[in-house]
Protein chains: 2
Amino acid sequence: MFRALADATRRDIVRRTLTEEATVSQLATAYEMSFAAVQKHVAVLEGAGLVTKHPKGRERLVRGNPDALRRIQQLLDAYEQIWRGRIARLDALLNEE
Amino acid sequence: MFRALADATRRDIVRRTLTEEATVSQLATAYEMSFAAVQKHVAVLEGAGLVTKHPKGRERLVRGNPDALRRIQQLLDAYEQIWRGRIARLDALLNEE
DNA sequence: AGAATTTACAACCATATGGTTGTATGTTAG
DNA sequence: CTAACATACAACCATATGGTTGTAAATTCT
């Protein structure tokens, strides 16, 4: 997921499709690159679970997935806890002295 | 920062140095790769602000930076808010009908 | 002073990534 | 039915990325 979010275009696609779903071609018009390039970005995001695609006739509605974002949040939260643990241990050490 | 966190070794270095600071060579012994490779990873993390280096004699103490993690948290939080906005708008639409 | 240690950095290599164009396939519109 | 459209995907290209080895500089140890 970090790898998928490492690209600015992809982050923007996530942001945009969180607000409201969009077809691949709608997304494609929004960026200064070919349709195929945007389509590949969407594929990467889908692979990482950051967006889902929902067929509707000949088009695919792309929808941002807030759950995936929350999973990253949780990972980062875990890191934060690790850090708090370090502080706690330093405190304990100081109190011993 | 996402790009820096996109590599598993680098995520592990962040995790490890959040717990307690370590020299570059201490880190290097922890991974199945050359010293130079680890040193480059640390440089990338430092460039992204995810760790800081503190000279101590001939060695450099590497320390994970919790503030950087919090900044990502905030970004993801903003995305979450965007999504909540969408839900709110959908609700408003339903209530109109 | 000289040897060993720790870091930095350059040069190089293989593969991944982000882009392109072209072609095929499924779906809607006339 | 045929034309147009939306998507998918392959092939290709330039650059980025993650790794290597080798060398140099700063610091510590004897």
Side-chain angles (χ1 to χ4, degrees), chain A residues 1-65 68-69 72 75 79, chain B residues 1-65 68-69 72 75 79:
Chain A
M1 290 198 299
F2 283 117
R3 180 145 273 139
L5 286 176
D7 181 89
T9 302
R10 288 200 290 264
R11 280 195 300 277
D12 197 64
I13 291 175
V14 169
R15 185 190 53 71
R16 186 183 294 260
T17 56
L18 278 171
T19 320
E20 51 192 333
E21 51 191 17
T23 68
V24 179
S25 33
Q26 281 172 340
L27 290 172
T29 63
Y31 306 101
E32 287 293 317
M33 65 185 73
S34 69
F35 173 88
V38 173
Q39 192 241 335
K40 277 213 266 179
H41 281 310
V42 172
V44 170
L45 288 170
E46 190 184 20
L50 285 158
V51 305
T52 51
K53 269 191 294 197
H54 304 87
K56 186 176 184 185
R58 65 182 155 187
E59 24 187 53
R60 308 298 145 106
L61 295 179
V62 181
R63 193 182 302 165
N65 178 13
L69 297 176
I72 307 185
L75 207 225
Y79 280 17
Chain B
M1 289 197 302
F2 282 117
R3 180 144 272 140
L5 286 176
D7 181 89
T9 302
R10 288 200 290 264
R11 281 195 300 279
D12 197 64
I13 290 175
V14 170
R15 184 190 55 71
R16 186 184 293 259
T17 57
L18 278 171
T19 319
E20 52 192 333
E21 51 191 17
T23 69
V24 179
S25 34
Q26 280 173 342
L27 290 173
T29 63
Y31 305 102
E32 287 293 316
M33 65 185 74
S34 69
F35 173 88
V38 173
Q39 192 241 335
K40 278 213 266 179
H41 281 311
V42 172
V44 170
L45 288 170
E46 190 184 20
L50 285 159
V51 305
T52 50
K53 269 190 296 196
H54 303 87
K56 186 176 183 184
R58 65 183 155 187
E59 27 188 48
R60 308 298 144 108
L61 293 180
V62 181
R63 194 182 302 165
N65 177 14
L69 296 176
I72 307 185
L75 207 225
Y79 280 17

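In this text, all values refer to a predicted model and were calculated from it rather than measured experimentally. Throughout, protein chains are lettered first and strands after them, A, B, ... in sequence-line order, and every chain is numbered starting at 1.
Using a 4.5 Å heavy-atom threshold, the side chains of A:Leu69 and A:Leu18 count as touching. For the pair A:Thr23 and A:Leu61, the minimum side-chain heavy-atom distance is below 4.5 Å.
OP1 or OP2 of C:dG18 lies within a sub-4.0 Å distance of a side-chain N or O belonging to B:Arg3. For the pair B:Lys40 and D:dT20, the criterion of a side-chain N or O lying under 4.0 Å from OP1 or OP2 is not met. Considering only side-chain N and O atoms, B:Thr9 lies nowhere under 4.0 angstrom from the phosphate OP1 or OP2 of D:dG18. Neither OP1 nor OP2 of C:dG19 sits under 4.0 Å from any side-chain N or O of A:Ser34. Checking the phosphate oxygens (OP1, OP2) of C:dA8, a side-chain nitrogen or oxygen of B:Arg60 falls inside 4.0 Å. Taking side-chain N and O atoms only, A:Lys53 has a distance below 4.0 Å to OP1 or OP2 of D:dA8. Contact check, B:Gln39 against C:dT7: no side-chain N or O comes under 4.0 Å of OP1 or OP2.
In summary, of the residues considered (A:His54, A:Lys53, A:Gln39), a side-chain contact (heavy atoms from CB on, under 4.5 Å) with A:Arg60 occurs for A:Lys53 alone. Just one residue in the list A:His41, A:Glu46, A:Glu21 forms a side-chain contact (heavy atoms from CB on, under 4.5 Å) with A:Val51, and that residue is A:Glu46. Of the options B:Asp7, B:Thr9, B:Asn65, B:Leu50, a side-chain contact (heavy atoms from CB on, under 4.5 Å) to B:Leu45 is made by B:Leu50 and by none of the others.
Each of B:Met33 and A:Phe35 lies near DNA chain D, and the nucleotide nearest A:Phe35 is the one positioned closer to the 5' end.
Counting atom types as modelled, B:Arg58 pairs a side-chain N or O with a base atom of C:dT5 as donor and acceptor under 3.5 Å.
Contacts of B:Ala36 with the nucleic acid, taken as non-hydrogen atoms under 4.0 Å apart, include base atoms.
Atom CZ of A:Phe2 is separated from atom C1' of C:dA16 by 20 Å (rounded to the nearest Å). Atom pair B:Leu45:CG and D:dT17:C1' shows a separation of 14 Å (rounding to whole Å applied). Atom C1' of nucleotide D:dT7 and atom CD of A:Glu46 are separated by 12 Å, given to the nearest angstrom. With rounding to whole Å, A:Asp7 atom CG is found 11 Å from D:dT17 atom P. With rounding to whole Å, A:His41 atom NE2 is found 16 Å from D:dT7 atom C1'.
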